[in-house]
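Here is the structure we will look at.
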Amino acid sequence: MKKINFIFIGALAMMAGCSQMRQQNQIPQYDTINVVENFVIDENSVPIFPKKAALTTDTAQRFAIDLPKRCTVDWDNQTVVSVVPEEKIEMVRLGVGDPLPSDLVVSDYEFKKLSVKQALDKLLEGTDISVIEDGELPQTISGTVASGNLDDTVELMAKMGRAYYSYDAENAEIHLDDRAKWMIKMPNNESIIMALLDAMHGADMRNLLVDWQDKTVVFEGNYQTEREVAKIISEIASKKYMIAWDIDVYRVYPRTDNPIVWMNLLPAFGDKNIKMSIPGVVGRALVVSPEINTKTLQEFLSQQANVVLISQGTFVIPNGWQSRFDIGQCSKEERLETDLIIGATGTYGDYGGQNKIDAKIVLRTSNGELSSFNIPSSVGDNYVIIGIPTHSFVTTPETLISPFAELVVFMSPRLISIVDAAKNQNLPTDQLVGDALRAFLSEE
């Protein structure tokens, strides 16, 4: 019995010892303590962050549905020339309200140096319709209406005062405002949609609501905005061509303490494939044949250097217009060169008796223009811009980047021919190449 009690007591002692050891093991050990901005941080603590302002995060700010369309190039299925049918681009004003009473007729009405509201108040005396001014309309109008319907008269007076009206039939109120909302019904071709959006962005129009499923754009603005957008639509609708550029941007690191030997392009591809060399203030633009493309160019560069794709994308302009490609918008990651913008102005047509794309390519950063090139080229030719030092984008006194690292831009122009489908029943369905391509373009 005693033996059993001893064993039992011993077992309790062992259990108590184990329990004490477990408690000791559970005590956290703080071997290192870091103090960051008066906060004690260790591996077991919960991070404490200062309160941020209520602003949209950077990644949400950069979100855009059209970026995959802008920042992707299918080099294996690139169409140098595409033919698309002409489609109507229509702009419709939203929020016009109810129709005005059709039984009211205006005759021999004269107004002089009155605001739109004052002129309408005078016109509508004796009726139940009231006029409410929702926006600032300081402009005065003068004129005479010999005869006409009420809706035509109100529309005329609103336009004279650069105002917009809407009618609320239930409350018998005409609302006046200096701003309005419109919807643009766009064509189906995404390249033309891109050109339209880029042109509107170029006119400093922001907050465009684009519905890619319905192919519509909704925007808000004043009388000047309406005129600018109407001009853009008219210009685009009148063009027979659009010019697009597909772009790859590389940073090239030579493997030795020597720059890239670009003269090796000649024996590598043959002088017939290097058609033109155009010097700029910085760098040089080469006009090359289709034999030099993204694949063959990278193979050539990889013999002498490491090649990193920084950015890739496309942009479209109406013939004779200008647009730009933001490297940072389509960059693979944050790099020095993401401040770079490639601007382009292009015209397709007669160039000394030959059909050529006459383009001006400008490289600029937030500090100003870096270089520019005037480049005439035939359809199917590519551009390779070389010799732009990466140190052009370094802002610190010292850097780890080799002085021989450089930026290389590959640009491939495409032509989009817009034709009247009613007059061209036999539109080509396949990609046009060679003599067939030039024959088609010469007929336009």
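- Residues Glu337 and Val249 form no side-chain contact, since every pair of their non-hydrogen atoms from C-beta on lies 4.5 Å or further apart.
- Using a distance-only test at 3.5 Å, with no hydrogens or angles considered, a donor-acceptor pair links the side chain of Asn319 to the main chain of Tyr348.
- For the pair Asn382 and Thr294, the minimum side-chain heavy-atom distance is 4.5 Å or more.
- The structure places CG of Leu265 at 6.5 Å from CG of Leu286, a figure rounded to the nearest 0.5 Å.
- In this structure, Lys356 places its NZ atom where more than 12 heavy-atom neighbours from other residues, nucleotides or ligands lie under 6.0 Å away.
- With Trp245 as the partner, the side chain to side chain contact (heavy atoms under 4.5 Å, CB included) test is satisfied by one option alone out of Ile342, Ile317, Val316: Ile317.
- Within the 4.5 Å cutoff, the side chain of Gln139 has no heavy atoms near those of the Tyr223 side chain.
- Panel note: side chain Glu220, backbone Arg179; no donor-acceptor pair is recorded below 3.5 Å.
- Side chain of Ser234 to main chain of Ala230: no donor-acceptor pair is present (N/O by atom type, distance under 3.5 Å, no hydrogens or angles).
- Here the straight-line distance linking atom OG of Ser82 with atom CG of Leu415 works out to 8.0 Å at 0.5 Å rounding.
- Counting heavy atoms from C-beta on, the side chains of Lys117 and Leu137 never come closer than 4.5 Å.
- A parallel orientation is assigned to the rings of Phe219 and Trp182, their planes being inclined by less than 30° (bins at 30° and 60°).
- Taking the side chain to side chain donor-acceptor pair (under 3.5 Å) definition, one finds that Ser115 meets it with Gln118, sequence neighbours left out.
- Atom CG of Asp248 sits about 14.5 Å away from atom NZ of Lys295, to the nearest 0.5 Å.
- Between Val282 and Leu363 there is no side-chain heavy-atom pair separated by less than 4.5 Å.
- Looking at Leu370 and Phe393, their side chains come closer than 4.5 Å, going by heavy atoms from C-beta outward.
- Side-chain contact between Met242 and Pro318: present, with at least one pair of heavy atoms (C-beta onward) separated by less than 4.5 Å.
- For Glu235, the salt bridge (charged side-chain N to carboxylate O under 4.0 Å, His left out) partners at least two apart in sequence or on another chain are Lys239.
- Atom NE2 of His391 sits about 9.5 Å away from atom CZ of Phe404, to the nearest 0.5 Å.
- Considering CZ of Arg284 and CH2 of Trp262, their distance stands at 12.0 Å, rounded to 0.5 Å.
- No side-chain donor from either of Thr216 and Lys185 sits under 3.5 Å from a side-chain acceptor of the other.
- In this structure, Met411 and Phe325 have side chains that are not in contact, with every pair of non-hydrogen atoms separated by 4.5 Å or more.
- Between the side chain of Asp381 and the backbone N or O of Val287, no donor-acceptor pair lies under 3.5 Å.
- A salt bridge links Asp198 to Arg70: one of the charged nitrogens lies within less than 4.0 Å of a carboxylate oxygen.
- Interatomic distance, CG of Asn355 versus OG of Ser378, reported as 9.0 Å (0.5 Å rounding).
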